[in-house]
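Working notes, beginning with the structure itself.
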Amino acid sequence: MTLDNILEEIKNAENIVVLTHESPDGDAIGSTLAMKLALKKMGKNADAIITEFPRIFKFLPGAKEVKTEIEPKKYDLAISLDCADLKRLVGRDLFENATKTIVIDHHGSNAMYGDINFVNPVAPACCEILIGMLEYFDISIDSEIGSDILAGIITDTGGFKYSSVTAETFEFTAELLRKGVNVSEIYERVLETKTRANFELLKRSMDRLELLEDGRVAFTYITQKDLKEVNAEPGDHEGIVENGRSIEGVKISILLRQRDEGDNIYKISMRSTSGNINVSDICYVFGGGGHPKAAGATIQGTVEEIKEKLLREIRKTEQWKH
Ligand code: AMP
Ligand code: MN
Ligand code: MN
């Protein structure tokens with residue numbers, strides 16, 4: 001079975017690298033740190049690489065041991081976490097040059113680009129997949145690994161509130177509480193804390209938010225000029241798109257983020273409410289993907305052009321017509 005194969009590859013490898021997706025969120029960071037610490041428990045000193053480490057996650061166990069630069073090296077084994085396709089993976093060359101590759105993920109749109117792919121689209125977070133995996137490997141989840149895993153679960157479930165949450169999510173959290181982990185502190189630090197720059201971006205993007213399609217679409221954007229003016233750092237845009245979704249009547253919330261100064265390329269974030277509109281399918285049309293209720297893509301055009309392109313695709317979906 002796949003888990004046995006993964007364990008065997010880990011045991012056989014001397015040099016292991018752990019990688020995750022660009023613009024890493026709490027699940028990307030949490031799963032990378034938890035995997036690095038778990039490999040240490042298995043006697044493997046792996047390199048974990050995160051080039052853009054959001055400030056708010058720097059308190060998590062193992063964060064200080066992460067490499068922030070990609071150095072060319074031949075690895076026996078590369079493990080990709082929380083990343084649906086190779087083009088979003090940071091350290092893609094290391095992955096492609098590694099002797100063996102493993103993909104562990106929870107995106108339904110995963111391209112299965114590893115030698116071994118362990119993908120569970122119903123898991124609420126990649127971190128939750130690691131719980132069962134580590135138990136299977138007989139690695140005890142101590143409070144450090146547990147805190148990293150919990151950070152990923154809390155951020156990817158919006159604080160235990162998305163429909164993806166499972167009974168196991170709560171059982172695991174209860175177990176951590178019993179071990180003395182300060183769950184509410186982790187919750188506050190990863191979900192309830194805004195950097196000043198995040199707050200300033202929120203103000204600007206809410207000020208220019210438009211309600212389109214009879215109030216069913218919330219649309220807004222952030223430019224590179226905004227990001228510069230508020231001294232934004234990696235991760236400072238996180239959470240903004242969720243604010244549009246919570247407006248009554250909104251079915252889809254859209255946030256555009258300009259990639260570079262002066263260019264017409266934007267990163268798109270889309271969120272839908274429980275109205276069954278699959279935003280991953282819409283983003284897939286533009287070469288992106290994600291989850292049914294949270295997805296993204298990168299699109300070329302001006303803000304107005306992209307808005308029209310997205311609205312055209314949204315109107316095409318069956319669910320939109322009803
Ligand atoms: P974001 O809006 O960046 O928070 O992303 C929401 C979800 O969509 C996450 O699960 C991402 O992994 C996924 N996603 C974002 N951008 C892309 C992309 N360009 N291609 C594939 N999946 C993406
Ligand atoms: Mn992620
Ligand atoms: Mn995730």
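The structure displayed is predicted, hence computed values, not measured ones. In listed order, ligands and their atoms are each counted from 1.
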Nearest protein heavy-atom contact for atom 7 (C) of ligand 1: which residue, which atom, what distance? Ala294 O, 3.4 Å
Counting neighbours of CD on Glu261 that are heavy atoms of other residues, nucleotides or ligands and sit closer than 6.0 Å, is the number greater than 12? yes
Going by the order shown, which atoms of ligand 1 are within less than 4.0 Å of some heavy atom of Gly288? 18 (C), 20 (N), 21 (C)
Would you say that more than 12 heavy atoms from the other residues, nucleotides or ligands in this model lie under 6.0 Å from the NZ of Lys44, or not? yes
Just which atoms of ligand 1 are under 4.0 Å from any heavy atom in Gly290? 8 (O), 13 (C), 22 (N)
Which residue holds the protein heavy atom closest to atom 15 (C) of ligand 1, what is that atom called, and what is the gap in Å? Gly296 CA, 3.4 Å
Please name the atom of His21, limited to N, O or S, that comes nearest to the Mn ion (ligand 2). NE2
Distance to 0.1 Å, residue and atom name: give those for the protein heavy atom nearest to atom 3 (O) of ligand 1. Ser269 OG, 3.8 Å
To check your reading of the model: name the closest protein heavy atom to atom 21 (C) of ligand 1, its residue, and the distance in Å. Gly289 N, 3.2 Å
Using a strict 4.0 Å cut-off to heavy atoms of His291, name the atoms of ligand 1 that fall inside it. 10 (O)
What residue and atom, counting heavy atoms only, is the protein's closest point to atom 4 (O) of ligand 1, and at what distance? Arg271 NH2, 2.8 Å
NZ/Lys203: more than 12 non-hydrogen atoms of other groups inside 6.0 Å: no
Pick one of side chain, backbone, both or neither for how Asp82 approaches ligand 1, counting any non-hydrogen atom pair under 4.0 Å. neither
Interfacing atoms of ligand 1 (cut-off 4.0 Å, heavy-atom, His107): 9 (C), 10 (O), 11 (C), 12 (O)
For the side-chain contact (heavy atoms from CB on, under 4.5 Å) test, which of Thr302, Val241, Leu310, Ile222 pairs with Leu256? Leu310
Relative to ligand 1, is Ala297 under 4.0 angstrom through side chain, backbone, both or neither, heavy atoms considered? backbone
Within a 6.0 Å radius of atom NZ on Lys179, are there more than 12 heavy atoms belonging to other residues, nucleotides or ligands? yes
Asp25 to ligand 1, any heavy atom closer than 4.0 Å: no
Aromatic ring centroids of Phe160 and Phe170 under 6.0 Å? yes
Kindly check if the number of other-residue, nucleotide or ligand heavy atoms within 6.0 Å of CG (Asn45) is above 12? no
Using the six-membered ring wherever Trp is involved, compare the ring planes of His291 and His106 and label them parallel, tilted or perpendicular (cut-offs 30° and 60°). tilted
Whether over 12 other heavy atoms sit under 6.0 Å from Lys58 NZ: yes
Ala84 touching ligand 1 at heavy-atom level, < 4.0 angstrom: no
Worked check of ring-ring contact (aromatic ring centres under 6.0 Å, His included) between Tyr113 and Phe95: CA-CA 10 Å; Tyr113 52 95; Phe95 189 89; 5.5 Å; yes
Are more than 12 heavy atoms, taken from residues, nucleotides or ligands other than Lys41, located less than 6.0 Å from that residue's NZ atom? yes
Can you count the protein N, O or S atoms that lie less than 2.8 Å from the Mn ion (ligand 3)? 4
Using a cut-off of 6.0 Å, state whether more than 12 heavy atoms not belonging to Tyr187 lie near its atom OH. yes
Does the Lys NZ or Arg CZ of Arg259 fall within the cation-pi geometry relative to Tyr266 - under 6.0 Å from the ring centre and within 45° of the axis? no
Quick one: does Arg88 get within less than 4.0 Å of ligand 1, heavy atoms only? yes
